[in-house]
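Numbers here simply count residues along the sequence, with the first being 1.
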Amino acid sequence: QVQLLESGGGLVQPGGSLRLSCTASGRSFSNYPMGWFRQAPGKEREFVAAISWHSVRIYYTDSVKGRFTVSRDNAKNMVYLQMNSLKPEDTAVYYCAAGRTMDYTGQSQTDFSSWGQGTQVTVSS
C-alpha cells in the first residue's frame with residue numbers, strides 16, 4: 001500500500017558527500033516512521049537511521065552518528081539521508097523503509113513493512 005523509490009546514489013571519493021532521497025507513491029507516508037537500511041557486499045542488511053512521524057524521535061547506528069543526517073518533508077512525501085565524510089565501509093545498497101505503526105519508531109527490520117528497491121552508494125578512491 002506504500003510504494004517507495006530511492007534516488008541519489010552514486011560513486012564518491014572518501015570524505016565526500018551524497019544526499020539520498022526517498023519518494024512515496026500510492027499512499028502518503030506522512031503518518032509512518034521511516035527508516036534507512038543498507039546492505040554491503042557479502043554482509044547482512046543493517047540499520048542506518050530512523051525518524052518518527054513528526055521528526056521528534058531520530059536514531060542512528062553508532063558508525064554513522066555525526067556524519068549522516070536523516071530528515072523528512074511530509075508535505076512532499078519524501079525522506080532524506082544526508083551522508084557526509086563518507087568512508088569506503090559505507091559502500092552498500094541503501095534502502096528506504098516505512099514503519100508498521102505511527103506509534104513506534106524502531107531500529108529493526110521487523111519494525112518496517114514497506115521497502116524500496118535500493119540505490120547503490122560506492123565510496124572509493
Side-chain angles (χ1 to χ4, degrees):
Q1 59 183 351
V2 178
Q3 293 80 48
L4 305 173
L5 179 62
E6 303 93 338
S7 64
L11 175 64
V12 65
Q13 296 183 47
S17 298
L18 285 173
R19 187 195 192 202
L20 305 184
S21 298
C22 175
T23 303
S25 62
R27 175 182 171 84
S28 172
F29 59 43
S30 61
N31 291 333
Y32 297 85
M34 299 293 296
W36 287 96
F37 291 76
R38 66 186 181 186
Q39 187 166 22
K43 297 183 178 180
E44 299 294 324
R45 186 176 299 182
E46 66 172 340
F47 169 77
V48 177
I51 184 168
S52 65
W53 169 37
H54 41 46
S55 302
V56 171
R57 292 180 172 83
I58 296 176
Y59 305 107
Y60 300 98
T61 190
D62 287 343
S63 63
V64 309
K65 190 172 297 184
R67 300 189 297 122
F68 290 12
T69 302
V70 64
S71 61
R72 66 190 297 164
D73 186 338
N74 292 338
K76 297 181 179 180
N77 292 334
M78 296 188 71
V79 62
Y80 308 96
L81 185 68
Q82 178 67 46
M83 305 185 296
N84 299 326
S85 302
L86 284 163
K87 305 174 181 179
E89 47 264 48
D90 294 317
T91 296
V93 176
Y94 283 71
Y95 298 90
C96 176
R100 297 180 179 275
T101 172
M102 63 180 292
D103 298 317
Y104 180 72
T105 304
Q107 301 172 59
S108 171
Q109 292 185 54
T110 59
D111 296 317
F112 299 85
S113 59
S114 300
W115 297 81
Q117 295 184 0
T119 185
Q120 176 71 50
V121 172
T122 302
V123 185
S124 177
S125 60

Are any side-chain N or O atoms of T105 and backbone N or O atoms of P33, one a donor and one an acceptor, separated by less than 3.5 Å?
no

Backbone N/O of T110 and side chain of R100: donor-acceptor pair under 3.5 Å:
yes

If you link ILVMFWY side chains whenever their heavy atoms are less than 4.5 Å apart, which other residues fall into the same cluster as L11? By chain and number, please.
none

Quick one: name the residues clustered hydrophobically with V56, using the 4.5 Å side-chain heavy-atom rule over I, L, V, M, F, W, Y, and just say none if it's on its own.
none

Is it possible for you to say whether V121 and L81 belong to one hydrophobic cluster, with membership spreading through side-chain heavy-atom contacts below 4.5 Å?
yes

Using salt bridge (charged side-chain N to carboxylate O under 4.0 Å, His left out) as the criterion, list what pairs up with K65, not counting sequence neighbours.
D62

Here the pair of heavy atoms bringing S17 nearest to S85 is OG-N, 4.3 Å

Where the side chain of N74 meets the backbone of W53, is there a donor-acceptor pair that is under 3.5 Å apart?
yes

To the nearest 0.5 Å, tell me how far L18 CG sits from M83 CE.
4.5 Å

For the atom pair NE2 (H54) and CZ (R72), what is the distance rounded to the nearest 0.5 Å?
10.0 Å

Listed by chain and number, what are the side chain to side chain contact (heavy atoms under 4.5 Å, CB included) partners of D90, not counting sequence neighbours?
R38, R67, F68, L86, K87, Y94, V123

Which residues pass the side chain to side chain contact (heavy atoms under 4.5 Å, CB included) test with T101, sequence neighbours left out?
D103, Y104

F112 meets the ring pair (Phe, Tyr, Trp, His ring centres under 6.0 Å) criterion, sequence neighbours left out, with F37

Does V64 belong to the same Ile/Leu/Val/Met/Phe/Trp/Tyr cluster as V93, with side-chain heavy atoms less than 4.5 Å apart forming each link?
no

Could you report the tightest heavy-atom contact between S125 and P14, atom names first, then the distance?
N-CD, 3.7 Å

Using every non-hydrogen atom in the two residues, find where G99 and S113 come nearest and quote the distance to one decimal.
O-OG, 3.7 Å

Rounded to the nearest 0.5 Å, what separates atom OG in S63 from atom CZ in F47?
10.0 Å

Does CD belonging to E44 count more than 12 external heavy atoms closer than 6.0 Å?
no

Checking E6 side chain against Q117 main chain: does a donor-acceptor pair fall under 3.5 Å?
yes

Could you measure the distance from the OG atom of S114 to the CE atom of M34? Nearest 0.5 Å is fine.
8.5 Å

Heavy-atom pair with the smallest gap, counting every atom of M78 and S21
CE-CB, 3.8 Å

Are T122 and S124 close enough that a side-chain donor and a side-chain acceptor fall under 3.5 Å?
no

Over all atoms of both residues, closest heavy-atom pair of C96 and L4:
O-CD1, 3.7 Å

Would V2 and L5 show up in the same hydrophobic cluster when neighbours are defined by side-chain heavy atoms closer than 4.5 Å?
no

